[in-house]
Number of protein chains: 2
Amino acid sequence: MESTLTADLVRDRAATVARALSDAKRLCVVERLADGERSVSDLSRDVGCQVPNMSQHLAVLRAAGIVTSRREGSTVFYRLADPQVLEVYRILQQVAR
Amino acid sequence: MESTLTADLVRDRAATVARALSDAKRLCVVERLADGERSVSDLSRDVGCQVPNMSQHLAVLRAAGIVTSRREGSTVFYRLADPQVLEVYRILQQVAR
DNA sequence: TCATTGCTTGCGCAATTACGCAAGTAAATC
DNA sequence: GATTTACTTGCGTAATTGCGCAAGCAATGA
């Protein structure tokens with residue numbers, strides 16, 4: 001058996017992850033990071049938005065535990081924290097068609 | 001190769017599905033519907049919200065193509081349109097932990 | 001130390017969202 | 001036809017979100 005309290009927590013966390021994936025630009029970031037880590041400015045250019053905007057999107061993804069970051073000199077690289085997010089995205093696309 | 005136009009469309013649709021799953025109450029609905037179809041009032045009671053609120057949540061899920069409805073007399077039954085959404089939810093929970 | 005590069009944070013605003021409540025529609029029963 | 005049951009839709013509001021822009025912080029180099 002499972003208490004409704006933990007069930008609620010699991011749902012809330014899953015909802016947070018889904019929320020982080022509910023934006024086209026953030027999904028674009030996930031696609032880019034599938035090939036490996038990238039800097040904020042790279043992602044900003046790829047997605048086609050300003051750097052502060054990208055930084056905020058990355059903060060949302062990080063808060064959801066989808067990405068992690070690493071600083072190398074003055075550059076910050078982001079990468080997928082869990083490759084399983086790609087599996088989520090893949091099935092998401094199937095459901096979406 | 002694939003045009004960026006269709007890539008954008010695919011992302012937008014996937015984002016819409018993720019958006020529909022980004023609410024704890026709607027995830028609760030998905031859980032309930034995993035066992036089969038249920039009426040709006042049933043879902044309303046299970047989730048613990050008012051009927052109009054549940055109706056709106058179901059409208060969001062339907063707009064995303066996640067559920068379909070069937071009227072039997074004065075009662076409307078909802079069910080999952082695509083069982084794959086359960087797979088999305090399952091992996092979503094793994095990423096979320 | 002000062003300037004530059006790369007990123008984050010704060011702020012204001014427009015748009016979207018979730019909710020309660022009231023009103024409207026649809027089907028069954030009287 | 002009128003009432004009841006089941007659901008949807010409209011409306012107002014508080015909260016959240018995405019964005020641009022300016023300012024701040026960290027690391028490198030002059």
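Below, read A as the first sequence line, B as the second, and so on, with proteins coming before strands; counting in each chain starts at 1.
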Checklist entry - Reckon B:V51 touches a base, only the sugar-phosphate, or nothing at all at heavy-atom distances under 4.0 Å? => result base
Checklist entry - Under 4.0 angstrom, heavy atoms only, what part of the nucleic acid is B:Y78 near: base, sugar-phosphate, or nothing? => result sugar-phosphate
Can you figure out which of [options] approaches the side chain of [X] most closely?
| X | options | answer |
| --- | --- | --- |
| A:S55 | C:dC21, D:dG20, C:dC7 | C:dC7 |
| B:S74 | D:dT5, D:dC7, C:dT5 | D:dT5 |
| B:S41 | C:dC19, D:dC7, D:dG20 | D:dC7 |
| A:T75 | C:dG6, C:dC21, D:dG20 | C:dG6 |
| B:V40 | D:dC7, D:dC21, C:dG10 | D:dC7 |
| A:K25 | C:dC7, D:dC19, D:dC7 | D:dC19 |
| B:Q56 | D:dC11, C:dG6, D:dA6 | D:dC11 |
| A:H57 | D:dC19, D:dA27, D:dT8 | D:dC19 |

Checklist entry - In whole angstroms, how far is the P atom of D:dA6 from the CZ atom of B:R70? => result 16 Å
Exercise: identify the closest heavy-atom pair between [X] and [Y]:
| X | Y | result |
| --- | --- | --- |
| B:Y89 | A:A14 | CE1-CB, 3.9 Å |
| A:E87 | A:R90 | OE2-NH2, 2.8 Å |
| B:A18 | A:L92 | CB-CD2, 3.9 Å |

Item to check | Distance-only side-chain donor-acceptor flag, B:Y78 / B:R62, under 3.5 Å | outcome: yes
Checklist entry - Between B:R62 and A:D23, who's closer to the 5' end of DNA chain D by nearest nucleotide? => result B:R62
Item to check | 5' precedence on DNA chain D between B:R71 and A:S22 (nearest-nucleotide basis) | outcome: B:R71
Checklist entry - Distance check: side-chain N/O of A:R19 vs OP1/OP2 of C:dT17, anything under 4.0 Å? => result no
Checklist entry - Side-chain N or O of B:N53 less than 4.0 angstrom from OP1 or OP2 on C:dA18? => result no
Next on the checklist: Main chain of A:M54, side chain of A:S44: is a donor-acceptor contact present, judged purely on distance under 3.5 Å?
Outcome noted: no
